[in-house]
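Following: one structure in structure tokens, then a few remarks.
Because the structure is predicted, anything quoted here is derived from the model rather than measured.
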Amino acid sequence: MGLFSKLFKGPEPDMEKSKVNASKVRALFNQAVDKGDEYRLIVGYTEDVKRFNYGFVHGSKTKIGNLIVGWNAITKTIVALPTVPDLSECGEPTYYRKDEILKAYRNKYPTDAFVIYPDRKGYIGINAYEWLEDESLYIYLYQKEELEAFTDFFQNEFSTK
């Protein structure tokens, strides 16, 4: 049994497919976001489908919006770019700048999510995991190191106390 099988209790990730998808994620983000190369990236999802309905899983009752999430530590900005699991298209990016948001924190219950309140009218909860494997719902991607870096940035630089 390999290390990944022990960690994930499932099939080992296809690292080549993950690498190809990471390249597609970067290309899509750079195409949609001005100065996209200045952002580090993770992939997550949101169930806030009213705001990010572009990423609906078509043909499914599950309403999950896939997101490419970029962050820039210098400008303390997070960008959420809705997309679809096969990375064929994307919607419009939404920018969250720390000095312009009402509140941000990491919610551990009932799900582990990064929650941002841009104003009093709504919020976004970004769910992100080390490995997304269900290709019918998510972008197939292994992202342990980048998720750790994003978590550190969010907790120490972006969240409000």
Side-chain angles (χ1 to χ4, degrees), residues 2-15 17-19 21-22 24-26 28-29 33 39-57 60-73 75-85 87 90-91 93-98 100-161:
L3 175 63
F4 284 116
S5 297
K6 289 178 187 173
L7 289 173
F8 300 113
K9 296 184 177 111
E12 286 192 21
D14 180 336
M15 296 307 277
K17 184 187 288 186
S18 177
K19 195 179 204 179
N21 282 345
K24 288 180 184 178
V25 163
R26 172 54 70 189
L28 204 55
F29 189 84
V33 175
Y39 293 83
R40 291 181 72 176
L41 303 178
I42 59 166
V43 170
Y45 69 91
T46 185
E47 294 175 3
D48 184 3
V49 294
K50 291 179 196 126
R51 294 180 78 135
F52 291 100
N53 60 3
Y54 192 91
F56 273 31
V57 179
S60 170
K61 292 183 180 178
T62 306
K63 295 179 179 176
I64 292 175
N66 282 261
L67 299 173
I68 300 171
V69 179
W71 77 96
N72 182 310
T75 63
K76 294 187 179 162
T77 302
I78 292 174
V79 179
L81 179 68
T83 188
V84 290
L87 295 168
C90 66
T94 301
Y95 293 80
Y96 300 98
R97 294 173 182 87
K98 183 175 181 178
E100 297 174 354
I101 63 167
L102 181 64
K103 181 169 60 170
Y105 62 94
R106 188 169 178 197
N107 182 13
K108 295 291 238 170
Y109 181 82
T111 63
D112 189 1
F114 303 95
V115 182
I116 302 171
Y117 285 85
D119 50 46
R120 294 186 188 279
K121 296 177 185 169
Y123 71 94
I124 179 174
I126 300 168
N127 299 277
Y129 299 99
E130 291 179 2
W131 181 38
L132 300 172
E133 65 173 314
D134 183 349
E135 294 177 77
S136 65
L137 293 177
Y138 313 113
I139 298 160
Y140 188 97
L141 193 65
Y142 177 77
Q143 58 183 4
K144 183 179 188 301
E145 293 80 14
E146 286 302 293
L147 180 57
E148 287 172 357
F150 176 76
T151 301
D152 183 60
F153 162 76
F154 193 91
Q155 293 289 90
N156 297 314
E157 301 293 331
F158 192 81
S159 69
T160 55
K161 307 293 181 210

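Atom-to-atom distance recorded for I126:CD1 and L67:CG is 6.5 Å, nearest 0.5 angstrom. Expressed to the nearest 0.5 Å, how far CD of E148 lies from CD of Q143 amounts to 11.0 Å. For the atom pair Y117 OH and T160 OG1, the distance stands at 10.5 Å (nearest 0.5 Å). To the nearest 0.5 Å, atom CG of residue N72 and atom CZ of residue F153 are 7.5 Å apart. Atom-to-atom distance recorded for R106:CZ and Q155:CD is 5.5 Å, nearest 0.5 angstrom. Atom CG of L81 is separated from atom CG of N66 by 11.0 Å, given to the nearest 0.5 angstrom.
Closest approach of F154 and V115 over heavy atoms only: CZ-O, 3.8 Å. Of all the heavy atoms in V43 and A128, the pair that sits closest is O-CB, 3.8 Å. The two atoms that bring E157 and K98 nearest to each other are O-NZ, 2.9 Å, heavy atoms only. Of all the heavy atoms in L41 and G70, the pair that sits closest is CD2-CA, 3.6 Å. Smallest separation of non-hydrogen atoms from R40 and A149: NH2-CB, 3.4 Å.
Screening L141, V69, T151 for a side-chain contact (heavy atoms from CB on, under 4.5 Å) with I42, the sole residue that qualifies is V69. When F29, F150, W71 are each tested for a ring pair (Phe, Tyr, Trp, His ring centres under 6.0 Å) with Y39, only one passes: F29.
Proximity of a side-chain donor or acceptor of N21 to a complementary backbone N or O of K24 within less than 3.5 Å is not detected. With Y140 contributing its side chain and D14 its backbone, the two residues share a donor-acceptor pair below 3.5 Å. In this structure, T46 contributes its side chain and G125 its backbone to a donor-acceptor pair below 3.5 Å.
Between Y96 and I124, the closest side-chain pair of non-hydrogen atoms falls below 4.5 Å. Annotation: side chain of Y95 is in contact with side chain of V33 (closest heavy-atom distance under 4.5 Å).
Aromatic ring centroids of Y138 and Y129 lie 6.0 Å or more apart.
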